[in-house]
Amino acid sequence: MNTRKLRRQLRTRKNITSSSDRPRLSVTRSNKYVSAQLIDDVKGVTLIGMSQKTLKTKGTKTENAKALGIEMASKLKAKKITKIVFDRGSYAYHGR
């Protein structure tokens with residue numbers, strides 16, 4: 001991994017505290033897709049993982065990312081999770 005990218009990611013991650021009542025939502029962005037996973041750092045397991053590839057929606061990248069967020073929110077409600085911590089990783093939070 002690129003060392004500059006890794007430093008940005010670690011700088012973001014050190015300010016995030018994940019506990020048993022607030023799992024971490026990690027978002028990964030590529031040029032084509034957005035994927036998100038909900039991670040419980042206490043147990044070290046992924047609770048929910050999704051990608052735009054699995055949704056098979058048509059539209060712009062932004063519309064597809066919005067559809068991913070809506071689907072992720074419905075799965076969170078099904079598991080009765082109301083609070084999360086957003087982990088943007090090494091990406092700037094804008095656009096998609």
Side-chain angles (χ1 to χ4, degrees):
M1 181 181 260
N2 187 340
T3 57
R4 292 173 72 193
K5 184 176 179 180
L6 183 62
R7 267 190 284 165
R8 282 194 309 267
Q9 185 176 6
L10 293 174
R11 187 170 54 235
T12 303
R13 188 83 35 88
K14 76 177 179 182
N15 294 323
I16 296 173
T17 57
S18 176
S19 62
S20 61
D21 62 329
R22 290 176 62 135
R24 177 169 54 100
L25 177 67
S26 177
V27 177
T28 307
R29 214 176 36 152
S30 72
N31 287 335
K32 204 169 184 183
Y33 300 111
V34 173
S35 62
Q37 58 181 346
L38 194 70
I39 304 165
D40 185 0
D41 287 327
V42 176
K43 295 178 184 173
V45 295
T46 300
L47 303 173
I48 301 171
M50 298 185 69
S51 176
Q52 282 180 350
K53 287 187 212 178
T54 60
L55 293 179
K56 306 282 189 215
T57 57
K58 299 286 184 191
T60 63
K61 292 178 186 179
T62 306
E63 290 168 352
N64 291 340
K66 184 177 180 179
L68 176 75
I70 291 170
E71 185 67 26
M72 188 72 154
S74 66
K75 288 195 177 200
L76 288 173
K77 285 182 183 178
K79 288 195 174 226
K80 295 183 174 57
I81 298 172
T82 57
K83 293 184 178 183
I84 60 170
V85 176
F86 181 70
D87 179 14
R88 63 182 176 86
S90 61
Y91 306 105
Y93 180 66
H94 63 80
R96 292 182 281 151

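From a predicted model like this one, the values you see are computed outputs, not experimental measurements.
- In this structure the side chain of V27 reaches within 4.5 angstrom of the side chain of F86, judged on heavy atoms.
- M50 places a side-chain heavy atom less than 4.5 Å from the side chain of L55.
- Across all non-hydrogen atoms, the minimal contact from K79 to L47 is NZ-O, 3.7 Å.
- Not a single side chain to side chain contact (heavy atoms under 4.5 Å, CB included) links K77 to another residue, sequence neighbours left out.
- No donor-acceptor distance shorter than 3.5 angstrom exists from the side chain of K53 to the backbone of S35, with no hydrogens or angles considered.
- Taking every heavy atom of both residues into account, V34 and R29 meet most closely at CG2-CG, 3.8 Å.
- Rounding to the nearest 0.5 Å gives a distance of 11.0 Å between CD of Q37 and CD1 of I48.
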Under 3.5 Å, sequence neighbours excluded: what are the donor-acceptor pairs made by side chains of residues 64-72?
from	atom 1	to	atom 2	distance (Å)
N64	OD1	T57	OG1	2.8
N64	ND2	T60	O	3.4

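- Screening L38, D41, L76 for a side-chain contact (heavy atoms from CB on, under 4.5 Å) involving P23 leaves a single residue, L38.
- Scored by the side chain to side chain contact (heavy atoms under 4.5 Å, CB included) test, T54 finds no partners at all (sequence neighbours excluded).
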